[in-house]
Colleague: 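Following this message is one structure expressed as structure tokens.
Reckoned from all heavy atoms, side chains included, excluding hydrogens, waters and symmetry mates. We name chains A, B, ... by the order of the sequence lines, and we start the count at 1 in each one.
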Number of protein chains: 2
Amino acid sequence: MKVLSKSSEYGLRALLYMVGKRGGEQEYVSIREMSEQLDISFHFLTKILQSLTQSNILASYRGPSGGVAFNIPPEKIMLSDVVRVLEGEDFFDTCLLGLPGCGEKKPCPMHQFWKEIKAALKHEFETTTLAQMGQITLDSRLRLMP
Amino acid sequence: MKVLSKSSEYGLRALLYMVGKRGGEQEYVSIREMSEQLDISFHFLTKILQSLTQSNILASYRGPSGGVAFNIPPEKIMLSDVVRVLEGEDFFDTCLLGLPGCGEKKPCPMHQFWKEIKAALKHEFETTTLAQMGQITLDSRLRLMP
DNA sequence: CCTAATTAAGAGTATTTTATCTTAATTAAA
DNA sequence: TTTAATTAAGATAAAATACTCTTAATTAGG
Ligand code: SF4
Ligand code: SF4
């Protein structure tokens, strides 16, 4: 059961790395550094973070000692914000069986159940911030989980 | 959020078609017929059903008026049985962030939540039978949902 | 026995996702 | 002002998934 694409996975890992890193404030974090620390393809990660920059979740700065930084404090960035950018707007609105147009009229026996699961997932993503995720996450997970 | 692969989607749709079809008993249903009625590639569907046959969920019969039939009554086939065959054994055992080895030691803030969601999903799939799904499903869904 | 209808099996193709490579633009610092 | 470090952007390639084609095996019925 693959919930998130590699893009989201890598994107989140990078964002969590950034949360863990910023001791004082808004310093630009090098994408190269992150790609090496997290063992993610540099160019791939660059693109992922680019789209987060274009969505104004991150700000970027080119040139030596450039990188990306939070454009919004991570206490205010919900996981759903990230996922919506990287997975698409309809991420929380799919049919369990992969069929289009979840029909309320004559639902299958899983419809109600799936509806609830989706709502729970959505709610959790919409109420969990990057900062919360970051609390425990940095080296205990990001580096050690292959 | 793509939960099931196309294989599972098509496989389930075919199985539900079969549930809806059998008026009396165990007649072999032609794969060609199903592929046309459900608008699924014949050869692709053949493979999917082949693996269900190899897993003894279905029985097959070659030659004129051959096809596939339930080897087990659909009242006793759980959705999880089908999904485990078509998606793999570890379908219900993945990490939300796509990282391997769900670690109980220092879990991220979503770990417990995701664990519960997974358990709920698993439970629902393990307690819902094909027959239950079939009750309402046949033409109201299978044909009309593109 | 012969033919047509069917599933089985495996090779081959197409599409999507994931990853890499190349070049351009920007910026700090020597 | 030159150089090196960096992100931006787009082309290309590899891998995974989804789908198609070809051939073989099986079986009912003429
Ligand atoms: S009724 Fe079932 S199959 Fe149809 S859209 Fe709802 S969950 Fe999906
Ligand atoms: S702690 Fe979070 S990221 Fe790690 S395995 Fe559990 S759910 Fe996945």
Side-chain angles (χ1 to χ4, degrees), chain A residues 1-15 18 27-71 83 86-88 91 97-99, chain B residues 1-15 18 27-71 85-88 90-91 94 97-99:
Chain A
M1 178 168 28
K2 193 174 74 177
V3 177
L4 298 176
S5 68
K6 287 289 175 189
S7 292
S8 295
E9 181 186 333
Y10 295 165
L12 281 170
R13 282 168 66 187
L15 292 172
M18 289 169 67
E27 298 247 322
Y28 287 101
V29 180
S30 151
I31 299 178
R32 173 78 57 190
E33 173 191 330
M34 290 195 279
S35 78
E36 284 167 358
Q37 290 299 312
L38 303 176
D39 198 38
I40 299 171
S41 150
F42 167 70
H43 288 100
F44 195 21
L45 185 56
T46 296
K47 293 224 168 145
I48 293 163
L49 297 181
Q50 241 176 68
S51 62
L52 291 174
T53 299
Q54 286 161 351
S55 324
N56 292 107
I57 289 173
L58 298 179
S60 70
Y61 204 78
R62 295 196 247 194
S65 77
V68 290
F70 286 113
N71 197 35
V83 163
L86 297 178
E87 299 279 337
F91 180 71
L97 296 183
L99 302 173
Chain B
M1 178 168 30
K2 193 173 73 175
V3 176
L4 298 176
S5 68
K6 288 288 175 190
S7 293
S8 295
E9 181 187 333
Y10 296 163
L12 281 170
R13 282 169 65 188
L15 292 172
M18 289 169 67
E27 299 247 322
Y28 287 100
V29 181
S30 150
I31 300 178
R32 173 78 55 188
E33 172 191 331
M34 290 195 278
S35 77
E36 283 166 0
Q37 290 298 314
L38 303 176
D39 197 40
I40 299 171
S41 150
F42 167 70
H43 288 100
F44 195 20
L45 184 57
T46 296
K47 293 226 167 143
I48 293 163
L49 297 181
Q50 240 176 71
S51 61
L52 292 173
T53 299
Q54 287 162 351
S55 325
N56 292 108
I57 289 173
L58 298 178
S60 69
Y61 203 78
R62 296 196 246 194
S65 76
V68 291
F70 286 113
N71 197 34
V85 169
L86 297 178
E87 299 279 335
D90 59 347
F91 180 72
T94 57
L97 296 184
L99 302 173

Colleague: Could you tell me the separation between the CG atom of A:Leu38 and the P atom of C:dA19, rounded to a whole number of Å?
Modeller: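 The answer, rounded to whole Å, is 14 Å.
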Colleague: Whole Å only: how far is the CD1 atom of A:Ile48 from the P atom of C:dT18?
Modeller: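 It is 9 Å, rounded to the nearest whole Å.
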Colleague: Between P on D:dA18 and OH on B:Tyr10, what's the gap in Å once rounded to a whole number?
Modeller: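 Result: 8 Å.
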Colleague: Which value, rounded to the nearest 0.5 Å, describes the distance between B:Met1 atom CE and A:Met1 atom CE?
Modeller: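 One gets 10.5 Å once the value is rounded to the nearest 0.5 Å.
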Colleague: Are the side chain of B:Ser30 and the backbone of B:Arg32 linked by a donor-acceptor contact shorter than 3.5 Å?
Modeller: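 Pair found, side chain donor or acceptor close to backbone of B:Arg32.
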Colleague: With rounding to the nearest 0.5 Å, note down the distance linking CG in A:Leu4 to CZ in A:Phe91.
Modeller: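 Here the interatomic distance stands at 5.0 Å.
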Colleague: Walk along nucleotides 2-12 of chain C from 5' to 3' and tag each nucleotide B, S or - by protein heavy-atom contact under 4.0 Å, base first, then sugar-phosphate.
Modeller: --BBBBBBBB-
Colleague: Should B:Arg13 and B:Met34 be marked as a side-chain contact (heavy atoms from CB on, under 4.5 Å) after you check the CA-CA gap, both sets of side-chain angles, and the distance that decides it?
Modeller: CA-CA 9 Å; B:Arg13 282 169 65 188; B:Met34 290 195 278; over 6 Å; no
Colleague: Return the CD to CG distance between A:Glu33 and A:Leu38, rounded to the nearest 0.5 Å.
Modeller: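 Result: 9.0 Å between the selected atoms.
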Colleague: Between the opening five pairs and the closing five pairs of the helix from C:dC1-D:dG30 to C:dA30-D:dT1, how far apart are the helix axes, to 10°?
Modeller: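 The value is 10°.
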Colleague: Rounded to the nearest Å, what distance is computed from the OH atom of residue B:Tyr28 to the C1' atom of nucleotide D:dA28?
Modeller: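 Answer to the nearest Å: 14 Å.
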Colleague: If I take atom CG in residue B:Leu86 and atom C1' in nucleotide D:dC19, what distance separates them, rounded to the nearest angstrom?
Modeller: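 Roughly 16 Å, once rounded to whole Å.
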Colleague: Verify the contact: side-chain N or O of A:Lys2 to OP1 or OP2 of C:dT18, cut-off strictly under 4.0 Å; return yes or no.
Modeller: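 Result: yes.
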Colleague: Could you check whether any side-chain N or O of A:Asn71 sits under 3.5 Å from a backbone N or O of A:Asn56, counting only pairs where one atom can act as donor and the other as acceptor?
Modeller: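 A pair under 3.5 Å: yes.
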Colleague: Nearest-Å distance, CZ (B:Phe44) to C1' (C:dT15)?
Modeller: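 Distance, rounded to whole Å: 12 Å.
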Colleague: Identify whether any heavy atom of B:Ser7 sits under 4.0 Å from a base atom; if not, whether one sits that close to sugar-phosphate; answer base, sugar-phosphate or nothing.
Modeller: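 The answer is nothing, as B:Ser7 stays clear of every strand by at least 4.0 Å.
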Colleague: Quick check for you: to the nearest 0.5 Å, what is the distance between B:Lys2 atom NZ and A:Ser5 atom OG?
Modeller: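 Rounded to the nearest 0.5 Å, the NZ-OG separation comes out at 10.5 Å.
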Colleague: Show me, pair by pair, the donor-acceptor contacts under 3.5 angstrom made by side chains of residues 42-54 of chain B, not counting sequence neighbours?
Modeller:
unit_1	atom_1	unit_2	atom_2	d
B:Thr46	OG1	B:Phe42	O	2.8
B:Ser51	OG	B:Ile48	O	2.8
B:Thr53	OG1	B:Leu49	O	2.9

Colleague: What is the distance, to the nearest angstrom, from the CE atom on A:Met34 to the P atom on D:dA5?
Modeller: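 Checked: the CE to P distance equals 18 Å.
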Colleague: Going from CD on A:Glu27 to CZ on A:Phe70, what distance comes out if it is rounded to the nearest 0.5 angstrom?
Modeller: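 So the gap between those two atoms works out to 13.5 Å.
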